[in-house]
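The next block holds one structure in the form of C-alpha cells; read it before the comments.
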2 protein chains.
Amino acid sequence: MTQTESAAKTGSRTDIREENERRILAAAEQVFAERGFGGATMQLIADKAGLPKANLHYYLSSKEVLYRRVVERIFNIWLEAADSFETSATPERALSRYIARKMQMSRDYRFGSKVWANEVMQGAPIIQDYLEVTLRDWTETRIAVIRRWIDAGLIRPVEPRWLLYMIWATTQHYADFAHQIETLNGGHPLSDAQWQDATETVCGIILRGIGLEPPAPEAAGRDRAEGAP
Amino acid sequence: MTQTESAAKTGSRTDIREENERRILAAAEQVFAERGFGGATMQLIADKAGLPKANLHYYLSSKEVLYRRVVERIFNIWLEAADSFETSATPERALSRYIARKMQMSRDYRFGSKVWANEVMQGAPIIQDYLEVTLRDWTETRIAVIRRWIDAGLIRPVEPRWLLYMIWATTQHYADFAHQIETLNGGHPLSDAQWQDATETVCGIILRGIGLEPPAPEAAGRDRAEGAP
DNA sequence: ATCATTCTTGACTGATTGGTCAACTCTGGT
DNA sequence: ACCAGAGTTGACCAATCAGTCAAGAATGAT
C-alpha cells in the first residue's frame, strides 16, 4: 500500500529497509521503556510502528534480537556522551560539561534511559558484558583522573566512585522518573527554563560539594543541540 | 470475632493466613522488582514462595490485586522514612538524617525500591493518586521548609525541588542500580564500610553543595538499625 | 467423634503470546 | 512486457499466561 512511498525521496530498497527498521526500533524503544522486556508485546510495538506484526519478524528475527538492538543503540549513545568527560580539562570544565550533557540526554532520550534502567534493574541479562568491559574501563579511567585532581589538591578528597554514581543517578533521574517529576510539576513537563535551572542547580551543588566554584553557565544555549563530536 | 485473645504463637488459622500472605508478598515484591508487572508471572511468584500457584489466588484474588498490595506496602515504608526529614531541626541535621535514612532504606529494601521505580517509569498506572496527593503534599511542605532556610540565609539559594530530586535520585540509585554498582565493585556487594563511606560522601557533597558544613558522622553505628520514630 | 470452616492442590480453560508461513504486491532492471 | 527478488500480510500454531474449580486434607470447636 502507501507504505513504500512513505520512505525518503529515492525509492531504493535499502531505504525502505532502513526506514522500517528505524520505525520499528523507535517504537520498540518506547514500548520496552514503558513495559520492560517481559511486559512488552510484539503486537504493541507493531501497532506503535504502524506495521503489521509479521512485518516486524521480517526485519528483526525475534523479540530478543529486537531488544538487543535497542539496548545496544542506547549504550552507543551513552558512550558518545561519555566522551564529553574530557580527561584533559580542568575539573570545573570536565564535570560541568559532562553533567550538562547528561541532563540534555535525559531530556532527548528519555525512553532509552528507561530501557537501560530496566535492563540493569533486571540484573543486566543482556548487557552484562558491556558493564564488565566497556563501562568498567571507562569508569576506571575517570576514577584515575578524579584521583589525580584530589592528589593535586584541586578538589576535596572524596571517593571518586560515589561522585560518579551521584552524577549518573541525578541526571538519569530526570529521564527515568520524568512522570513523577511532571506530576509534582502540576502535570506539566519541565519548561526550557526549568531544565536549564535544574541543570545549573545540579551542577552547582555537585561542584561546590567537592570544593569547586561552578563556571558561569555556558552561553545558556539550551537548544544548541551539541557541539562537534 | 473471637479476636479478643491476643495473637500468641498458637497455630491459629489467622496465623496461617498471615504467614502465607507474608511469604507471597515477599516473593511477589522480588519478582515484580526483577521483571516488572508485565514480565512477572504468577507461577514464578508461586515457586519463589514455595506454594502452588492456585494457593496464590486463594489468598489474593488477582495479579493486579497482588501488585497493588506490594506497591502500597512500599509506599508506606517510604512514608515512614520520610518522617526522618524533621522540619523543626537545623538544615544540617534534617538533611543528613534524611539522606542517611534513605541510604539505609536502599540497602534494606532494594526490591521495594525497584518496584517503585518500575511503577513510576511505566507512568504510575496504579499509584498516580498517591503521587498527586500524599507525595505532592509531603513535597510541598518540605519545599516550604527549605525555602525558609534560604530566606534565613542558612543555605545557598537553590530551587528546593531540584535539591529534593537530587537526594531521591542519589539514594535510590544504590538500590535500583545495585547490580551495576556491584559489577563495578568487582562483582561483590558493597561492604559495610563502603556503604558508610558512600553515605558520608553523598551527605557531604550535598550539604557542602548548598553551603553547609556536614555534621560529624552520627555515632558511626552502621548496624544500629534506627532510632525511635 | 462429629462437623463446619479454612486451607490445599492438580487439572483444567479461554485468552494471549512469540513466531511461522504461504500467498500476495511492489519495484527496478532488462 | 516480463521477471527475480524485496517487501507485505492475514491466517495460523504451539506454548504460556492468569484465573477457575472441585475434590480432598487439616484444624479448632463442640
Side-chain angles (χ1 to χ4, degrees), chain A residues 1-25 27-29 31-32 34-71 125-126, chain B residues 1-25 27-29 31-32 34-71 125-126:
Chain A
M1 57 173 63
T2 70
Q3 202 56 48
T4 53
E5 58 200 342
S6 67
K9 325 89 224 301
T10 78
S12 139
R13 307 260 168 122
T14 67
D15 281 355
I16 292 178
R17 171 170 281 270
E18 272 174 29
E19 164 68 8
N20 279 342
E21 284 192 4
R22 198 193 54 74
R23 284 170 63 176
I24 294 168
L25 286 171
E29 183 174 308
V31 174
F32 283 135
E34 286 163 353
R35 323 264 302 222
F37 177 80
T41 72
M42 295 297 273
Q43 189 63 61
L44 246 167
I45 296 170
D47 291 348
K48 187 148 301 209
L51 295 170
K53 193 186 65 159
N55 215 329
L56 266 63
H57 285 98
Y58 174 71
Y59 287 107
L60 286 314
S61 53
S62 74
K63 186 183 178 184
E64 199 179 314
V65 165
L66 173 55
Y67 179 71
R68 205 178 288 264
R69 285 279 299 270
V70 168
V71 171
I126 301 293
Chain B
M1 291 183 77
T2 70
Q3 202 61 11
T4 50
E5 222 163 356
S6 62
K9 60 277 294 272
T10 73
S12 99
R13 307 264 169 120
T14 68
D15 281 354
I16 292 179
R17 171 170 280 272
E18 272 175 27
E19 164 67 8
N20 279 341
E21 283 192 4
R22 198 192 54 74
R23 283 170 63 177
I24 293 169
L25 286 172
E29 183 174 307
V31 174
F32 284 135
E34 286 163 353
R35 324 263 301 224
F37 177 80
T41 72
M42 296 296 273
Q43 189 63 63
L44 245 166
I45 296 169
D47 292 347
K48 186 147 302 211
L51 296 170
K53 194 188 66 164
N55 216 330
L56 266 63
H57 284 99
Y58 173 71
Y59 286 108
L60 298 135
S61 52
S62 75
K63 186 184 178 184
E64 199 179 314
V65 165
L66 174 54
Y67 179 72
R68 204 178 288 263
R69 286 278 299 270
V70 168
V71 171
I126 301 293

Interatomic distance where [atom1] belongs to [X] and [atom2] belongs to [N] [whole Å]:
| X | N | atom1 | atom2 | answer |
| --- | --- | --- | --- | --- |
| A/Q43 | C/dA15 | CD | P | 17 Å |
| A/D15 | D/dG7 | CG | P | 11 Å |
| A/F37 | C/dG18 | CZ | C1' | 10 Å |
| B/E21 | C/dC7 | CD | P | 9 Å |
| A/N55 | D/dA11 | CG | P | 16 Å |
| B/I45 | D/dG19 | CD1 | C1' | 14 Å |
| A/I16 | D/dG7 | CD1 | C1' | 7 Å |
| B/E19 | C/dT6 | CD | P | 20 Å |

Of all the nucleotides listed ([options]), which has the minimum atom distance to the side chain of [X]?
| X | options | answer |
| --- | --- | --- |
| A/M42 | D/dT8, C/dC21, C/dG19 | C/dG19 |
| B/R17 | D/dG7, D/dG19, C/dC7 | C/dC7 |
| A/N20 | C/dG18, D/dG7, C/dC21 | D/dG7 |
| B/P52 | D/dG7, C/dT9, D/dT9 | C/dT9 |
| B/T41 | C/dT20, D/dA18, C/dT9 | D/dA18 |
| B/A54 | C/dT20, D/dC21, D/dT9 | D/dC21 |
| A/S62 | C/dG10, C/dT8, C/dG19 | C/dG19 |

Please state whether the phosphate of C/dT8, meaning OP1 or OP2, lies under 4.0 angstrom from any side-chain nitrogen or oxygen of B/Y59.
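Yes.
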With a 4.0 Å limit, can you tell me whether A/Y58 has a side-chain N or O closer than that to the phosphate oxygens OP1/OP2 of C/dC21?
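False: A/Y58 side-chain N/O out of range (4.0 Å or more) of C/dC21 OP1/OP2.
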Any N or O donor-acceptor pair linking the side chain of A/K53 to the base of C/dG19 at under 3.5 Å?
yes
Within 45° cone and under 6.0 Å: B/R17 NZ/CZ vs B/Y58 ring:
yes
Can you find a heavy atom in the side chain of A/I16 that is under 4.5 Å from one in the side chain of A/N20?
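Yes - at least one pair of side-chain heavy atoms lies under 4.5 Å apart.
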Report yes or no: does A/K48 contribute a side-chain atom to a donor-acceptor pair with the main-chain N or O of A/Q43 at less than 3.5 Å?
no
Strictly distance-based, threshold 3.5 Å: is any side-chain N or O of B/K53 a donor or acceptor partner for the main-chain N or O of B/D47?
no
Look at all strands and tell whether A/A46 reaches a base, only sugar-phosphate, or nothing, counting heavy atoms closer than 4.0 Å.
nothing
Looking at CE of A/M42 and CG of A/L44, how far apart are the two atoms once the value is rounded to the nearest 0.5 Å?
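Answer rounded to 0.5 Å: 11.5 Å.
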